[in-house]
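A, B, ... follow the sequence lines: proteins, then strands. Residue 1 opens every chain. Just so it is clear, the values below take in all heavy atoms, side chains as well, and ignore hydrogens, waters and symmetry mates.
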2 protein chains.
Amino acid sequence: MISIEKIKRIDFEKEGQVFKALGNPLRLKMVSLLMNDECCVTDITNTLGISQSTSSQHLNILKNSGIVSPKRYGTKICYAIENEEVKQLILMLIEKYNKE
Amino acid sequence: MISIEKIKRIDFEKEGQVFKALGNPLRLKMVSLLMNDECCVTDITNTLGISQSTSSQHLNILKNSGIVSPKRYGTKICYAIENEEVKQLILMLIEKYNKE
DNA sequence: TTACAATATCCTAATATTATAATATAATAG
DNA sequence: CTATTATATTATAATATTAGGATATTGTAA
């Protein structure tokens, strides 16, 4: 359990950002797509059926909240999930909502 | 790891809601406040220093996304975290950002 | 250098969130 | 019943988010 003292030290603005970034269906879809393997912007764009501009903007939001990180391969840029904790969060939610 | 097939079956709108609800510093603060024990609207309002209306509206968002649930005691209504999974999500993030 | 492919940024309109004031409801006491 | 306390709802104005077109940048090949 969290103590009152610990709660007082939390940076809610910063922590909220991670949830906020994941709180958009398109971005959540992107992250889920990246769960298996890294993927370049064009492929993400085509898979989700959105404009390249939109794709790039959402990836930027995910990058800024520390969820994904880019890696350049020549002219292509591949995005991958940055940290394991985020993967765990997604997995937990998927477990929660997709019990068969 | 998640399979492509499993990803296709995910309801991103619905799952995104939980993250979205937690993606607001005030709501995250509310949830953290409720981690220790249930709390009535007036106390939440006063603790966070916000208006009663704002408080009520945010609690409603948290309720609709299945994070908290109300319980009436006479004229007072106390909110509590709905389930352990949500507690786990919060705890994971707090661990992540408050390593000392 | 030029041409091209991949990605990012800028701009704008549509839409969604947010906070507050005012009002409504619900439970209880008298 | 009325009055009071606690909470919810409604309306609205300010702000933020979103999507896509146009444009800019970056890297590579010729």
K.L.:
Taking N and O atoms by type only, does the side chain of B/S53 place a donor or acceptor under 3.5 Å from a partner on the base of C/dA21?
P.N.:
yes
K.L.:
For B/N60, which residues count as a side-chain contact (heavy atoms from CB on, under 4.5 Å) partner, sequence neighbours excluded?
P.N.:
B/K63, B/N64
K.L.:
For B/F19, give me all partners under ring pair (Phe, Tyr, Trp, His ring centres under 6.0 Å), at least two apart in sequence or on another chain.
P.N.:
A/F19
K.L.:
Tell me the interatomic distance from A/L28, atom CG, to D/dT18, atom P, rounded to whole angstroms.
P.N.:
13 Å
K.L.:
Using the test side-chain hydrogen bond (donor to acceptor under 3.5 Å, both in side chains), find all partners of B/T75 that sit at least two apart in sequence or belong to another chain.
P.N.:
none
K.L.:
Carefully, step by step, assess B/K71 and B/I77 under the rule side-chain contact (heavy atoms from CB on, under 4.5 Å).
P.N.:
CA-CA 5 Å; B/K71 206 161 147 189; B/I77 295 180; over 6 Å; no
K.L.:
Could you state the atom-to-atom distance from NZ of A/K29 to C1' of D/dA19 in whole Å?
P.N.:
14 Å
K.L.:
Could you pull out the closest heavy-atom pair between B/V68 and B/L59, with the gap in Å?
P.N.:
CG2-O, 4.0 Å
K.L.:
Specify the separation, in whole Å, of atom NZ of A/K71 and atom C1' of D/dT26.
P.N.:
19 Å
K.L.:
Whole Å only: how far is the CD1 atom of B/I50 from the C1' atom of D/dA6?
P.N.:
15 Å
K.L.:
Walk along nucleotides 14-19 of chain C from 5' to 3' and tag each nucleotide B, S or - by protein heavy-atom contact under 4.0 Å, base first, then sugar-phosphate.
P.N.:
---SSS
K.L.:
Would you tabulate the nitrogen or oxygen pairs shorter than 3.5 Å linking the protein to nucleotides 3-7 of chain C?
P.N.:
from, atom 1, to, atom 2, distance (Å)
C/dA6, O4', A/T75, OG1, 2.8
C/dT7, OP1, A/V41, N, 3.4
C/dT7, OP1, A/I77, N, 2.9
C/dT7, OP1, A/I77, O, 3.2
C/dT7, OP2, A/T42, N, 2.8
C/dT7, OP2, A/T42, OG1, 2.2

K.L.:
Please state how far atom CG in A/N46 lies from atom P in D/dG20, giving the value in whole angstrom units.
P.N.:
13 Å
K.L.:
Taking all heavy atoms of A/S65 and all of A/Q17, pick out the closest pair and write down the distance.
P.N.:
CB-O, 4.1 Å
K.L.:
Find out whether A/C78 and A/Y73 are in side-chain contact, i.e. whether some heavy atom of one side chain is under 4.5 Å from a heavy atom of the other.
P.N.:
yes
K.L.:
Can you list every pair that meets ring pair (Phe, Tyr, Trp, His ring centres under 6.0 Å) and has a residue in residues 21-48 of chain B, with sequence neighbours left out?
P.N.:
none
